[in-house]
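Chain identifiers are assigned alphabetically (A, B, ...) following the order of the sequence lines, protein sequences preceding nucleic acid strands; residue numbering begins at 1 within each chain. None of these values were measured; they are calculated from a predicted model.
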Amino acid sequence: MTELVWFRNDLRLADNAALTAACARSKPVKACFLVTPGQWQEHDWSSARVQFVLEHANVLARQLAKLGITLSFLYADTFAESLDKLEAFCKQHQIAGLHFNEEYGINERRRDKQAHDRLSALGIRVAKYRDQTVAPVGQILTQQNEPYSVFTPFSRRWRSWIEETQPTLYPAPSSMGPEVEAEQTDTLPAPFKDAPNPLVANGEDAAHQQLDNFLEERAKGYKDNRDFPAVDGTSQLSPYLANGVLSGRQCLIAARQSGISGDGIETWINEIAWRDFYVNILYHYPRVSVHRAFKPETEALVWNEPGEHFEAWKEGRTGIPIVDAAMRQLKTTGWMHNRLRMITAMFLTKNLFIDWRLGEAWFMQNLVDGFLASNNGGWQWSASTGTDAAPYFRVFNPVTQSERFDPTGEFIRQWVPELAKLDNKRIHEPSKGGVIPKGYPRPIVDLKESRKEAIARFQALKD
DNA sequence: GTTCGATTGAG
DNA sequence: TCAATCGAA
């Protein structure tokens, strides 16, 4: 009788609850990965992400093969069809027990429930593991046993849970049998083409090297440097985390074991907490995964028609240099610096007053690290429709942000070469006091007026 | 029940 | 200053 590990958003050998449990149970162990392009497209997966995931699945297949575990690729279009494939696979290989780590999007939960019901009916044990976050999802609750809707108290509770529990890593499995030949999936399925060049190196080993390198080189200065897009101040681990090549738990434990102390590392650990926080929000408030606002009253907002403004935003020709630089970075590399995600999201929702859902989808369609919980959480935060939202009257001024976080215009110059010759002052707002370089647009919206209008629309919600 | 601290700023 | 809101005390 065979145990089967179903890999999904957890493409790693080390610190993987489902894999460890399956290998501890009995031999032999098999593994599978379901290739579902239609579902990925429906979920706005980017080409960059699909490429990243499939390449990492191939790396995983080779690692597992060395341990005597075959990872089989099962092809189906949607989640619904994939369950037929999974069921057939289980019958064909006489699977006794299925193991997987939970995912928390609403379609994923529905799929997992159906998988559980169908396979249980065949007499197969179905074991699921709550492994996506450092503290198991649903563990961190207020004193009234309610989910937190504000980050700071959540993070305090989260930190004390870690102190009390001292989480440890699941060991990577040892050999389960003689080496087998690794199956490999071929290149990008049909809807996903023209992925940008990979931003980060392939494989679990590369992920750990990058984590170690971050801790050695940049963690201490993280708090001071992380907001400057021209500075290499962040960990850039998000593609690995979003797709489970690394776990948040591995990051946390590596940070603690590094012996580094101080504001830098603690600020970074807070980012791991943000990730857990938003996964919990997705879990406790399923409405956010069907494009509904966390704050229901904000559903009454009437957003502008997207039109030409939305096109200009997507393509990086809004006439606001920091916004355009950021949007071009996203489209070209599949990644955007976090400070810029806030600036561009705030600009779309508060200055252009375009529905946050459109921005959320565009980010997903382009990001290599697109992760429903964090992307939705971040967008709703920016749009003031979400948890712990910035008060609606607090609207970033993108020019001010640009002056503060890209003071020499280095980042703008990199992505908006039309403006490269402007001096450090003018580059943030070329329309002010001088001739705009040829080929660069005037601002498509008046920042001051649009800010006032947005605040008024939010104010009107309360009346 | 009420106060109080805190909240990835801007004008 | 502006100013909303949650959670803890």
| Short side-chain N/O contact to C/dG7 OP1/OP2 from A/S149, under 4.0 Å |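 Checking A/S149 against C/dG7: at least one side-chain N or O falls below 4.0 Å of OP1 or OP2.
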| Are A/Q401 and B/dA10 close enough that a side-chain N or O sits under 4.0 Å from OP1 or OP2? |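 Checking A/Q401 against B/dA10: at least one side-chain N or O falls below 4.0 Å of OP1 or OP2.
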Between the side chains of [X] and [Y], is a donor N or O closer than 3.5 angstrom to an acceptor N or O?
X	Y	value
A/S238	A/W335	yes
A/D15	A/Q250	no
A/Y170	A/D131	no

Figure out the [atom1]/[atom2] separation between [X] and [N], and round it to whole Å.
X	N	atom1	atom2	value
A/Q143	C/dA9	CD	P	6 Å
A/I140	C/dC6	CD1	P	21 Å
A/N397	B/dG9	CG	P	14 Å
A/F405	B/dG9	CZ	P	8 Å
A/E271	B/dT8	CD	P	10 Å
A/F393	C/dT1	CZ	P	15 Å
A/Y148	B/dA6	OH	P	16 Å
A/R394	C/dA4	CZ	P	13 Å

| query | Does A/E271 come within less than 4.0 Å of A/R226, counting only side-chain N to carboxylate O? | reply |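 Judged by the 4.0 Å cut-off on N to carboxylate O distance, A/E271 and A/R226 do form a salt bridge.
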| Salt bridge A/E308-A/R317, side-chain N to carboxylate O under 4.0 Å |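 A salt bridge is present here (some side-chain N lies under 4.0 Å from a carboxylate O).
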| message | Under 3.5 Å for both donor-acceptor distances, Watson-Crick or wobble: does B/dT8 have a partner, and if so which one? | response |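 Answer to the pairing question: none, since B/dT8 forms no Watson-Crick or G-U pair.
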| Which part of the nucleic acid, if any, lies within reach of A/R156 when heavy atoms closer than 4.0 Å are counted: base, sugar-phosphate only, or nothing? |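 A/R156: no heavy atom of the nucleic acid under 4.0 Å.
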| message | Base, sugar-phosphate or nothing for A/R157? Non-hydrogen atoms, less than 4.0 Å. | response |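 The answer is nothing, as A/R157 stays clear of every strand by at least 4.0 Å.
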Measure from the side-chain heavy atoms of [X] and tell me the nearest of [options].
X	options	value
A/M342	C/dA8, B/dA10, B/dT8	B/dT8
A/T152	B/dA10, C/dG7, B/dT7	B/dT7
A/Q144	B/dG11, C/dA4, C/dA8	C/dA8

| Mind checking the C1' distance from C/dA3 to B/dA6? Whole angstroms is fine. |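 Straight-line distance between the two C1' atoms is 13 Å.
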